[in-house]
Amino acid sequence: MPASRPSRRAVLAATAAVAAVSAVSVSGTAAQAASAAAAAPAYRWRTAVIGGTGFVTGVLFHPSVRGLAYARTDIGGAYRWDERAARWTALTDHLGWDDWNLLGVEAIAVDPAHPDRVYLSLGTYAQSWAGNGAVLRSEDRGRTWARTDLTVKLGANEDGRGAGERLLVDPRDSDTLWLGTRHDGLLKSTDRGATWAPATTFPATPSPSGQGVVFLVAAGRTVYAGWGDGDGKGTAGTANLYRTSDGTTWEAVPGQPVGVTSARVPIRAAYDKHTRDLYVTYANAPGPNGQSDGSVHKLRTTTGSWTDVTPVEPGGTTADGSADNFAYGGVAVDACRAGTLVVSTNNRWADIDTVFRSTDGGRTWTSLKDTAVFDVSETPFLTFGKDKPKFGWWIQALAVDPYDSRHIVYGTGATLYGTRDLKHWAPQIRGLEETSVRQLVSPPTGEAHLLSGLGDIGVMYHERLTASPSRGMASNPVFGSATGLAQAAAKPSYVVRTGWGDNGNGAFSNDGGRSWAPFATQPAIAKNAPGPIAANADGSVLLWTFVHWDGTKYPAQRSTDNGTTWSEVSSIPKGATPVADPADPTRFYAYDTDTGTLYASTDSGLTFTARASGLPSGDSQFELAAAPGRSGDLWLSVKWNGLYRSTDGGGTFTKVASCWASYTLGFGRAAQGADYPAVYLVGSTGTITAIHRSDDEARTWTRINDDAHQWGWTGAAITGDPRIHGRVYVATNGRGIQYGEPV
């Protein structure tokens, strides 16, 4: 994720401070810069279908409206379920570049008495470098929003993100809302979320490293709050469950369960209105990782008595002798049937997670995994290169349709599964796309118009943009996350990829990415630090660089026999991303972000020499791109330091005056009558960061996205389609691949 962006004043000052540097000049005129952002043309934006791919952290059926539900994700925004269309509608795509930290949704709340009202608490990270959280409130089911910025931080992509919900409409008064925070206690609003203040009578003391309020749930007219920093002993200030019956006075719930460890964390809770029982799941860590113990307990709210209703105690062994340690995550009650509920295990790697169902208040349980039949044909990547999908992992989002007892959905780290008969399961994920996209390639020929390199799910071959790739994740080998994807410019059938994998970290394709074969060998460092890769124009030379996830850089390696043997290239800066010249197979380029120096090779990557120097430095996300079909035509995006261009293979660079910030840049088919490819930019030509197209070599730009289509942070990759002028593919960090075309 990107770090916090400086103010525009600081950005402009930094840009102005780029003084007379070696081999760098400034081109363009003030008039060109002033006219750079033309009026936006009409563009139609759609999502390239993959289906899910990220952690669905919460699902909430509306208790008063049949077929209405909402879902939240850790980095990809919120969604509304449309039962008639059987798909999800994204609700937060309007959040722009400066609000990237708000694409993580900490919690959702609905108002049972006012079906059109919905509330979101937003904030991806609670770290010092991230912005404060916000609350969005809507009177029309998320079609439009009002916003309140908070003075505290939220953490939708931190430990404990599968807990909740942390936001609640008070059951006694629809104007009153409660918001649980991680490090700032409990907040209260009495004007439907417009303003917030601390609930000063809430007795628990926040911890800087704790979880704070992990859930809020209404049990009749009483509100219960789960507390993630307690010791489970019921002592005021250290308890893990509190309640208020009047909205003012809070107390620790007596007799609450004492954990096996001193770190018992409540994860979720659900209330059965028929029996007046409150069910609570517990774990010994906030999750979704790191849990090894947990339980399920029931509180009879009318008597205050507690019962342990844990389906299976963690700590046993499987048939092969593996330790079966896990916790419990999701819990949901059946609104139609008294005493019927479901709970999910979490972090159960030995015997695989499951959903347990009880029809007698937790006295007996049935594992729904044991009879489950899965159909993942709509999203084939869910097999993850194996024969069949497993039931799931990171199961903390769990819900039962209040109007259909047999309609159950649960979230995983990659999708949302649903059933209508308690046996047959399929992804209920249409419209919900959460991929973190790293690389994009649009081939000039062949069946597929798009290849993508993705976080968590490797590389995909998109033979259609309207359906999940039929081959799923690229196999042989299967990668978790892709780190490199490159195509030989003059031989587009040849593609190479790199990434994190258990059975190899590099592969090649001779059919444009339809099928793959692993490199015959790989450098030893590739297993622990696979980085970007480049193929020269005719595919005869590969350059592979290596960067560990902790930032450590290693020498590049070169292969001239399709990955059968490798040799070190010491003259290229460690960790520098190699870029092949698209027209001359003897040329490679690399930009050293540490020193602001462009390096070039004219002997097919055997040696590199320094060329232009004194360019902006210090940021590993600076990006070098080569214009297709031209030798030595290089573009350098240096974020808020602007955009630079070289037409002499990196000997000199000229600063482009038409934009003051450039984060990623790509090329597509030239406009009719133009002799230069269309240039696509994520950057700033005016006051905001947006997506732009230029048909005149960056002399002028036209913004092509609009305020409703922004998707937070879009700085990883962008590319135009070399076969269709105007079509552009945009990488997002949590909203998948967005593509736009002129209407």
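Although no hydrogens or angles enter the test, the distance criterion places a donor-acceptor pair under 3.5 Å between the side chain of Asn536 and the main chain of Pro585. Between the Thr564 side chain and the Ala520 main chain, no donor and acceptor come within less than 3.5 Å of each other. In this structure, the side chain of Ser481 engages the main chain of Asp456 through a donor-acceptor pair within 3.5 Å. The closest donor-acceptor contact from the side chain of Thr498 to the backbone of Gly531 lies under 3.5 Å. Between the Thr412 side chain and the Thr415 main chain, a donor and an acceptor come within less than 3.5 Å of each other. Counting only distance, with no hydrogens or angles, the side chain of Thr124 and the backbone of Asn101 share a donor-acceptor pair below 3.5 Å.
To the nearest 0.5 angstrom, Glu434 atom CD is 6.5 Å from Thr53 atom OG1. The CG atom of Leu450 sits 9.0 Å away from the CZ atom of Arg727 when rounded to the nearest 0.5 Å. Atom OG of Ser509 sits about 10.5 Å away from atom CG of Asn476, to the nearest 0.5 Å. Annotation: the span from Asn562 atom CG to Leu542 atom CG amounts to 6.5 Å, rounded to 0.5 Å. Once rounded to the nearest 0.5 Å, the distance linking CZ of Arg46 with OG1 of Thr466 reads 8.5 Å. Distance CZ/Arg161 to OG1/Thr57: 8.5 Å, rounded to 0.5 Å.
Remark: Asp721 does not engage Arg669 in a salt bridge, criterion side-chain N to carboxylate O under 4.0 Å. Salt bridge status for Asp353 with Lys390: absent, with no side-chain N to carboxylate O gap under 4.0 Å. Salt bridge present: Arg645 and Glu697 bring a charged side-chain N and a carboxylate O closer than 4.0 Å. Under 4.0 Å is where a charged nitrogen must lie from a carboxylate oxygen, and between Arg471 and Glu463 at least one such pair does. Of the charged side-chain nitrogens involved, none lies within less than 4.0 Å of a carboxylate oxygen, so that Asp538 and Lys491 do not count as a salt-bridged pair. Ion pairing between a basic and an acidic side chain is recognised when a charged N comes within 4.0 Å of a carboxylate O; Glu568 and Arg558 show no such pairing.
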>> Thr689 vs Ser684, test: side chain to side chain donor-acceptor pair (under 3.5 Å). Steps then yes/no.
In response: CA-CA 4 Å; Thr689 299; Ser684 303; 2.8 Å; yes
> Given Tyr589 and Asp581, is the side chain to side chain donor-acceptor pair (under 3.5 Å) satisfied, shown in steps?
Replying inline: CA-CA 7 Å; Tyr589 312 97; Asp581 191 285; 2.6 Å; yes
> Checking side-chain contact (heavy atoms from CB on, under 4.5 Å) for the pair Tyr494/Phe508: CA distance, chi angles, key distance, verdict?
Replying inline: CA-CA 7 Å; Tyr494 184 75; Phe508 68 92; 4.0 Å; yes
>> Between Thr92 and Leu103, is the side-chain contact (heavy atoms from CB on, under 4.5 Å) condition met? List the steps.
In response: CA-CA 7 Å; Thr92 48; Leu103 262 291; 4.1 Å; yes
> What's the verdict on side-chain contact (heavy atoms from CB on, under 4.5 Å) for Trp711 and Ile691, showing C-alpha distance, side-chain angles and the deciding distance?
Replying inline: CA-CA 11 Å; Trp711 315 290; Ile691 300 168; 3.6 Å; yes
>> If you apply the rule salt bridge (charged side-chain N to carboxylate O under 4.0 Å, His left out), what do you find for Lys639 with Glu623, and how did you get there?
In response: CA-CA 9 Å; Lys639 301 174 74 170; Glu623 178 187 282; over 6 Å; no
>> Evaluate Thr593 against Asp619 for side chain to side chain donor-acceptor pair (under 3.5 Å), listing each step before the verdict.
In response: CA-CA 6 Å; Thr593 60; Asp619 195 310; over 6 Å; no
> Going through the checks in order, is the side chain to side chain donor-acceptor pair (under 3.5 Å) test met by Glu447 and Tyr461?
Replying inline: CA-CA 10 Å; Glu447 174 189 32; Tyr461 177 90; 2.9 Å; yes
>> Could you walk me through whether Leu451 and Val495 satisfy the side-chain contact (heavy atoms from CB on, under 4.5 Å) test, starting with their C-alpha distance in whole Å, then the side-chain angles of each, then the deciding distance to 0.1 Å, before giving a yes or no?
In response: CA-CA 10 Å; Leu451 307 177; Val495 190; 4.0 Å; yes
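Between Val49 and Glu433 the shortest heavy-atom distance is CA-OE2, 3.5 Å. The two residues Pro492 and Ala489 come nearest to each other via the heavy atoms CD-O, 4.1 Å. Listed here is the closest heavy atom pair of Leu606 and Val569: O-CG1, 3.8 Å. A pairwise comparison of heavy atoms in Leu643 and Cys659 identifies CB-SG, 3.8 Å as the closest pair. In this structure, Leu624 and Val579 approach most closely via the heavy-atom pair O-CG2, 3.6 Å. Residue Gly458 comes nearest to Ala482 through the heavy atom pair O-CB, 3.8 Å, listed as atom of the first residue, atom of the second, then distance.
In this structure, the side chains of Pro380 and Ser468 come closer than 4.5 Å at one or more pairs of heavy atoms. Using a 4.5 Å cut-off on side-chain heavy atoms (C-beta onward), Leu95 and Gln710 make no contact. Put simply, the side chain of Ser436 reaches to within 4.5 Å of the side chain of Arg438, judged on heavy atoms. At least one side-chain heavy atom of Leu432 sits less than 4.5 Å from a side-chain heavy atom of Thr73.
Within a 6.0 Å sphere centred on CH2 of Trp349, heavy atoms belonging to other residues, nucleotides or ligands number more than 12. Summarising the local packing, NZ of Lys574 is surrounded by 12 or fewer heavy atoms from other residues, nucleotides or ligands at distances under 6.0 Å. A 6.0 Å sphere centred on CG of Asp511 holds more than 12 heavy atoms belonging to other residues, nucleotides or ligands. Under a cut-off of 6.0 angstrom, the local environment of CG in Asn528 is crowded, with over 12 non-hydrogen atoms contributed by other residues, nucleotides or ligands. Few gaps surround CG on Asp550; more than 12 heavy atoms of other groups in view lie less than 6.0 Å from it.
Looking at residues two or more places apart in sequence or on another chain, you find a ring-ring contact (aromatic ring centres under 6.0 Å, His included) between Trp566 and Phe519, Trp544.
Looking at Arg693 and Tyr43, their side chains do bring a donor and an acceptor atom within 3.5 Å of each other. With hydrogens and angles left out, the side-chain atoms of Asn705 and His692 include no donor and acceptor closer than 3.5 Å.
The ring of Phe384 has its center closer than 6.0 angstrom to the ring center of Trp393. Ring to ring, Trp500 and Phe479 are not that close: their centroids are 6.0 angstrom or more apart. Between Phe374 and Phe391, a ring centre-to-centre spacing shorter than 6.0 Å is recorded.
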Please list, one pair per line, the donor and acceptor atoms closer than 3.5 Å that link side chains of residues 439-446 to other protein atoms, with sequence neighbours excluded.
unit_1	atom_1	unit_2	atom_2	d
Gln439	NE2	Thr483	O	3.2
Ser442	OG	His449	O	2.7

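The aromatic rings of Trp88 and Tyr79 sit perpendicular to each other, their planes meeting at more than 60°, with 30° as the lower class boundary. Between Trp100 and Tyr125, the angle of the ring planes lies from 30° to 60°, which puts this pair in the tilted group. Using cut-offs of 30° and 60° for the angle between ring planes, the Tyr663 and Trp97 rings count as tilted.
Test Phe608, Phe622, Tyr599 against Asp592 for side chain to side chain contact (heavy atoms under 4.5 Å, CB included) and you get one pass: Tyr599.
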